[in-house]
Amino acid sequence: MPSTAHPGTPIIPLPRPLRVVAAGALLVVLIYAAGWVLIQVGGMVSEILIPIIVGVLLAALLMPLQVLMNHTLRLPRHVAGGAAVLGLIGVVSGTIWFAGQAIAGGIDELGGTVQTVLTKAEDWLATGPLGIDSSQLGDLFSEAQDWLTRHTSSLTSGVLTATTSASTVLVGLLLALIVAFFLLAEGDRILSFLLMVIDEPERTKARETLRRAWVTLGSWARTQVVVSAVDAIGIGLGAWALQLPFIIPLSIITFLLCFIPLFGAVLAGFLFVLVALLFKGTVTALIMLVIVVVVMQLEGNVMQPLLMGKAVNLHPLVVLLGVTTGTYLLGLTGALLTVPVLASVNAGYKYWVGRDPFPGLAAGGSALTGSPRRLAPQGKGLKLPRFVGSATPQWIEQDRVVAENTPSKEEENSKEEQLPQ
């Protein structure tokens with residue numbers, strides 16, 4: 001007997017809300033399973049995958065220099081790429097040597113200063129709220145020495161492990177530099193070869209999606225270098241004015257830490273304040289804290305919006321969750337790489353779904369050297385509603401229309417060039 005069930009009747013006769021919940025739960029399980037598989041595979045190939053990502057970031061950072069030497073100075077592709085990579089190696093090596101010289105020059109002063117700091121700490125422990133007398137402090141130092149004696153073998157094995165890790169890092173850096181060189185010299189050829197497996201019109205759409213992601217990646221890399229340098233120089237000048245020791249090594253550490261979103265600049269500022277507190281006292285530490293806060297405000301509210309614009313920004317909550325997840329999964333490497341990866345994926349996704357973040361590329365703008373502020377729409381969008389609950393989906397749609405309705409500077413220039421002279 002043929003079935004008389006209506007075509008829209010569900011297979012399992014459950015209430016619709018329960019079916020919706022079950023479908024949502026199944027989707028969450030599938031996403032979790034896919035994520036777990038990706039994490040496991042990524043963990044197995046992380047020693048290769050991470051250097052490749054670093055190499056892509058280095059290529060994005062050096063691409064304007066590559067274009068300058070190849071397009072303007074007419075150097076061959078590979079010569080220009082090699083010169084760019086060697087220049088980067090020279091700058092990094094010179095910075096490390098300069099910092100080492102600064103540390104070596106102050107090593108004699110360090111011994112006496114550390115002894116002074118330890119004496120002050122001992123006096124504070126004895127006279128402060130803890131009330132630890134000298135005999136108790138002596139017992140603590142004796143226990144520390146005994147602990148070091150008992151764990152000498154463990155510390156030695158730890159040093160050997162660190163040496164092995166350092167060798168792995170050096171191999172990874174070499175791989176990253178090789179990847180950066182070939183992307184600089186033959187990146188367009190490599191990309192075109194990979195895209196040949198896709199038929200038109202998806203091939204063109206995939207290429208344009210990757211161009212948007214590359215603009216975001218390059219902008220993040222160059223902006224982060226400038227912002228980190230501003231933080232390091234600004235805070236370092238403040239420390240120099242306060243006559244703090246070891247300014248150059250601490251400034252270099254600040255430059256490196258500022259590549260970690262949210263937490264890096266705070267940690268770097270804490271180091272300067274701690275040094276000021278130990279070597280100069282409470283008043284100097286408070287002044288150093290004010291300097292750190294002023295420099296960070298300049299960086300966050302002026303430098304980043306000026307250089308990157310709104311087009312490559314991520315919501316602070318997304319950055320926080322991304323950095324936290326990346327740190328949990330990959331440690332410090334995850335903290336460094338999460339934001340550029342998320343920003344690039346976000347830009348590519350927007351274009352793929354029809355919301356081009358950089359319409360200036362379609363008007364002839366360059367994905368290799370173009371500024372995101374010139375390529376992105378110039379509309380500022382709507383202000384966030386004052387009252388909570390007013391940001392509805394309709395408001396989101398209106399905000400997007402207002403933001404994207406204003407052409408980019410590249411589009412304006414293209415229209416001006418098409419006008420009859």
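Fair warning: this is a prediction, and the values are worked out from it, not measured in the lab.
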Query raised in the report: Heavy atoms, side chains only, cut-off 4.5 Å: are Ser251 and Phe272 in contact?
Result: yes
Query raised in the report: What distance separates Arg355 CZ from Arg212 CZ, expressed to the nearest 0.5 Å?
Result: 13.5 Å
Query raised in the report: How many angstroms lie between atom CG of Leu175 and atom CG of Leu170, to the nearest 0.5 angstrom?
Result: 12.5 Å
Identify each donor-acceptor pair in which a side-chain atom of residues 181-188 lies under 3.5 Å from a protein atom, sequence neighbours left out, and give them as a table.
unit_1, atom_1, unit_2, atom_2, d
Glu186, OE2, His78, NE2, 2.6
Asp188, OD1, Arg77, NH1, 3.0
Asp188, OD2, Arg77, NH2, 2.8

**Report entry** With sequence neighbours excluded, residues passing ring pair (Phe, Tyr, Trp, His ring centres under 6.0 Å) with Phe255
**Finding:** Phe259
Report summary line: Value for CD1 (Ile52) from CD1 (Ile178), rounded to nearest 0.5 Å, stands at 11.5 Å
Report task. Check whether any side-chain heavy atom of Leu177 lies under 4.5 Å from a side-chain heavy atom of Ile89, and answer yes or no. Result -> yes
Query raised in the report: Sub-3.5 Å donor-acceptor pair from the side chain of Asp356 to the main-chain atoms of Tyr351, do we have one?
Result: no
Requested in this report: Take Ile253 and Leu256 through the side-chain contact (heavy atoms from CB on, under 4.5 Å) test and state the conclusion after the steps.
Outcome: CA-CA 5 Å; Ile253 292 174; Leu256 297 176; 5.9 Å; no
Query raised in the report: What distance separates Thr284 OG1 from Ile291 CD1, expressed to the nearest 0.5 Å?
Result: 9.5 Å
**Report entry** Contact check, side chains of Val318 and Asn346, non-hydrogen atoms, under 4.5 Å
**Finding:** no
Requested in this report: Count the heavy atoms belonging to other residues, nucleotides or ligands that lie under 6.0 Å from CH2 of Trp352, then report whether that count exceeds 12.
Outcome: yes
Query raised in the report: Which pair of heavy atoms, one from Ala60 and one from Arg222, lies closest together, and at what distance?
Result: O-NH1, 3.1 Å
Requested in this report: Rounded to the nearest 0.5 Å, what's the gap from OG1 on Thr204 to CD1 on Ile198? Could you check?
Outcome: 10.0 Å
Report task. Search all heavy atoms of Thr338 against all heavy atoms of Gly322 and return the closest pair with its distance. Result -> CG2-O, 3.1 Å
Query - Leu337 vs Ile50 side-chain heavy atoms within contact, under 4.5 Å - result: yes
Report task. Would you mind checking if Glu208 and Lys205 are paired as a salt bridge, meaning a charged N to carboxylate O distance below 4.0 Å? Result -> no
Query - Ala206 to Leu195 - nearest heavy-atom pair and separation - result: CB-CD2, 4.0 Å
Report task. Specify the closest pair of heavy atoms between Thr324 and Leu320, including all atoms of both residues, with the distance to one decimal. Result -> OG1-O, 2.7 Å
Requested in this report: Side-chain contact test, heavy atoms from C-beta onward, threshold under 4.5 Å: evaluate it for Val292 versus Phe270 and give yes or no.
Outcome: no
Query - Under 3.5 Å: donor-acceptor pair, side chain of Thr223, backbone of Ser219 - result: yes
**Report entry** Distance-minimising heavy-atom pair for Val295 and Gly234
**Finding:** CG2-C, 4.0 Å
Report summary line: One should read off an interatomic distance between Leu244 CG and Leu277 CG, to the nearest 0.5 angstrom, of 11.0 Å
Query raised in the report: What pair of heavy atoms forms the shortest contact from Ser228 to Cys258, and how long is it?
Result: OG-CB, 3.4 Å
**Report entry** Heavy-atom side-chain proximity of Leu271 to Leu257 below 4.5 angstrom
**Finding:** yes
Requested in this report: Report yes if the side chains of Met196 and Arg203 come closer than 4.5 Å at any heavy-atom pair, otherwise no.
Outcome: yes
